[in-house]
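Remarks on the structure that follows.
Any value given below was found using the heavy atoms of this structure, including those in side chains, with hydrogens, waters and symmetry copies removed.
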Amino acid sequence: MTRATRRTPRIENILPLTPLQEGLLFHAAYDDAGSARYNVQVALDLEGPLDVPVLRRSVEAVVRRHPTLRASFRRRAAGDTVQVIQSEVATPWEEHDLTAVPDAEPATEAERITRRAREGRFDLAAAPLVNFTLIRLRADGFRLVLTNHHIVLDGWSTSLLLRELFTVYGAGGDASVLPPPVSPQAFFAWRGEQDAPAAREAWRAALDGLAEATRVAPYADSHTATATEQIVLTVPEELTAAVGERARGLGLTLSTVVQGTWGLLLSRLTGADDVVFGTTVSGRAPELPDVESVIGMLVNTVPVRVRTDGAETLAALYTRLQQEQSELVAHHQLGLTEIQSLTDIDGELFDALVVFENYPVDRAVDSVGGVRVTGTEAHNTVHYPLSLLAHPGDRLVLHLGYRSDVLTGTAARRVGDRVLRLLRLFAEAADTRVDAVDLLGDDERGLLAEWNDTGRPVPRRSVAELFASQAAAGPGRTAIRYGGLTTTYQELDERANRLASDLTGRGIGPEDIVALALPRSTEMIVSLLAVLKAGAAYLPIDPAYPRERIEFMLTDARPVLLITTSDTAERLGTRTGTARLLVDGPRATEGIPR
């Protein structure tokens, strides 16, 4: 293995941070043990006569071209953090030759090296925050690994960077074949010129009336950078084509379909008809010249609000969503923290994310100089408990990310199955009403039928009659244990009969209500059973309720009698005028008055 050494640089420029960079910096500082969680990695499998020295010179040339590849992040004395662009950095390059490794092991060793690069921590105060690793597997087989902290490159930029790298390689390492690089300085100047008050007003209106945050994992620490697991869902080609055709027929983008599907799914998961989740937007305003060629971190995360109406069709819901989102495109530059502050909700608005990747890495480069790209592998971890990354193509590929500390693999797979079910329903029956959408699979529906099958034969007898039969069948068996004492079925039956006789002697019977304001005790069971034996209905009242609530219940229900204790009766006074029967004190040594 060879490794480049670093040289002492000078400062070339100082740039501000974008809102998402500020967020990533916060998360890295919040969980200093997990900063590697925000590493992004792309591995390219190469086949052919690769000229390694030329490839290395090409990497050096590309790094020299772009300020973001020479950036570090420093806190100034004023308290703010800036990007410090260094004039020169050492080429972040490693080489590994595995051709001497036994035949069965090069792939395993290559994966270990790749994973080690992905799990290495970047010091955000030291440039560069990107590195390259080249692994030779055989004479004409290589793996090129690009690893960077997410704070310096977005997905669009990674695609541009790889294209540039292989263009320069095809020219023998000569970067002059490329047009002059587009400086990110114009982007930051443009951001500073935007109408922030108008953006705040637009977002305030868009989120007006939102009652609560949408949390699929309400008790999880959303700031902690926890490793996420991934489930890859490849939508069949025929379904991908059908979804696209349906979307075009309705004038919808595929991105809107993915967002609408995710919003409806979150609505079902949380039980709310007004949900919000995050999405990543490019941040590349079309009015900014050559912005599509800027390499850096320009993306932003903004909320997407989805309000569901059961009477609305899927087509109508997705169409309305697209219209609502189009009105916010001009305000995507506002930071998420500021957007959240415009609502009445404390804390974060959401803990789920959806990203529509319209710049697939595997199309960034195919072959150059006789070297072919035979495979790609990408890794990107987010801190959200649940996320969906959509990669369009002949087959729509969905990467469902989930934090295994808050969601099981089985539960995550069910979520993925429901996404596919919704996409198929949209393609085949977009006129389906939202309240008619069934997301349950056959296995779930079977469980539901089993759990809901609670029917049991019920004898046509009253509770009092059923109790009398039980008491007759086992009079000496224990019916109640309370306060260290036991009461047998026979004793309970006799005490309840005495109290029931007292009640019927007062003229209490069917159609009457007797209130029970008793603490948990043997007397409570005796009184409840006695009321049923008398043929009346009972109204349970917790004596711990506030006095005003008990008085309201008595006034509203108008019971003919209140069975209670001395303490509760004294606290109530005589305001309700309800007749009372006390089951404590000298007259209740057996649990009932005589």
Side-chain angles (χ1 to χ4, degrees), residues 4-30 32 35 38-40 59-92 121-131 147-158 160-161 164 175 178-196 199 281-285 287-301 332-338:
T5 58
R6 296 184 176 182
R7 290 174 285 182
T8 303
R10 63 178 178 82
I11 295 176
E12 175 183 285
N13 200 357
I14 294 178
L15 295 173
L17 273 60
T18 66
L20 188 55
Q21 285 179 316
E22 292 175 350
L24 289 169
L25 199 64
F26 166 78
H27 284 291
Y30 180 87
D32 59 0
S35 62
Y38 302 104
N39 289 354
V40 179
V59 168
E60 293 173 341
V62 170
V63 170
R64 282 195 300 269
R65 277 174 56 83
H66 298 290
T68 192
L69 301 181
R70 295 178 273 112
S72 60
F73 294 79
R74 311 281 184 85
R75 182 178 294 276
R76 296 195 290 195
D80 62 326
T81 301
V82 294
Q83 298 186 63
V84 177
I85 310 301
Q86 298 172 180
S87 60
E88 186 179 358
V89 294
T91 304
R121 293 181 57 193
F122 287 103
D123 178 0
L124 298 188
L129 300 179
V130 57
N131 61 57
T147 308
N148 63 273
H149 195 285
H150 195 25
I151 201 168
V152 294
L153 287 175
D154 56 28
W156 185 297
S157 298
T158 300
L160 294 178
L161 178 62
E164 282 200 3
L178 296 173
V182 180
S183 170
Q185 195 126 4
F187 168 77
F188 286 102
W190 169 84
R191 286 196 76 254
E193 296 168 355
Q194 298 311 294
D195 189 344
V281 294
S282 73
R284 297 172 187 261
E287 66 268 23
L288 191 59
D290 300 321
V291 69
E292 70 280 0
S293 300
V294 176
I295 288 182
M297 169 52 78
L298 277 64
V299 298
N300 193 19
T301 299
H332 280 173
Q333 80 280 1
L334 206 63
L336 182 58
T337 300
E338 189 168 4

- Val89 and its side-chain contact (heavy atoms from CB on, under 4.5 Å) partner, picked from Val130, Val63, Leu69, Leu129: Val63
- Task: Side-chain contact test, heavy atoms from C-beta onward, threshold under 4.5 Å: evaluate it for Gln86 versus Arg10 and give yes or no.
- Result: no
- Message: Please find the pair of heavy atoms, one from Ser293 and one from Val182, that lie closest to each other, and give the distance.
- Response: CB-CG2, 3.7 Å
- Query: Side-chain contact, heavy-atom cut-off 4.5 Å: Val62 with Leu161?
  - Reply: yes
- Item | Minimum heavy-atom distance Ala175-Ala61, with the two atoms named | CB-CB, 3.9 Å
- Item | Distance-only donor-acceptor check, side chains Asp154 and Ser157, under 3.5 Å | yes
- Which residues pass the side chain to side chain donor-acceptor pair (under 3.5 Å) test with His150, sequence neighbours left out? none
- Output yes when Arg284 and Glu292 qualify as a salt bridge under the 4.0 Å nitrogen-oxygen rule, no when they do not. no
- Query: Tell me, do Leu288 and Phe187 make a side-chain contact under 4.5 Å, heavy atoms counted?
  - Reply: yes
- Item | Ionic contact status for Asp80 with Arg74, cut-off 4.0 Å | no
- First locate atom OG1 of Thr68, then atom CD1 of Ile85, and finally report the distance between them rounded to the nearest 0.5 Å. 6.5 Å
- What residues form a side chain to side chain donor-acceptor pair (under 3.5 Å) with Asn13, not counting sequence neighbours? Gln185
- Output every pair passing salt bridge (charged side-chain N to carboxylate O under 4.0 Å, His left out) with a member in residues 180-191, not counting sequence neighbours, ordered by first then second residue. none
- Task: Please list, chain by chain and in numerical order, all residues satisfying salt bridge (Lys or Arg N to Asp or Glu O under 4.0 Å) with Glu12, sequence neighbours excluded.
- Result: Arg70
- Value for CD (Glu88) from CZ (Arg64), rounded to nearest 0.5 Å, stands at 8.0 Å
- Query: Rounded to the nearest 0.5 Å, what separation is found between the CG atom of Leu17 and the CE atom of Met297?
  - Reply: 10.5 Å
- Message: I need the Thr301 OG1 to Leu336 CG distance, nearest 0.5 Å.
- Response: 6.5 Å
- Message: Counting C-beta onward and ignoring hydrogens, is there a side-chain heavy-atom pair between Tyr38 and Ile151 closer than 4.5 Å?
- Response: no
- Enter the distance from Asn148:CG to Leu153:CG here, rounded to the nearest 0.5 Å. 4.5 Å
- Task: Return the orientation label for the Phe122 and His149 ring planes: parallel under 30°, perpendicular over 60°, tilted otherwise.
- Result: perpendicular
- Message: For a 4.5 angstrom cut-off between non-hydrogen side-chain atoms, does Thr18 reach Asn300?
- Response: no
- Message: Minimum heavy-atom separation for Ala90 and Pro128, please, with both atom names.
- Response: O-CG, 4.2 Å
- Message: Quick check for you: to the nearest 0.5 Å, what is the distance between Leu20 atom CG and Thr337 atom OG1?
- Response: 10.0 Å
- Task: Please step through side-chain contact (heavy atoms from CB on, under 4.5 Å) for the pair Thr81 and Leu25, ending with a clear verdict.
- Result: CA-CA 9 Å; Thr81 301; Leu25 199 64; 3.4 Å; yes
- Item | For Asp123, salt bridge (Lys or Arg N to Asp or Glu O under 4.0 Å) partners two or more places apart | none
- Task: Using the test side chain to side chain donor-acceptor pair (under 3.5 Å), find all partners of Gln83 that sit at least two apart in sequence or belong to another chain.
- Result: Gln21
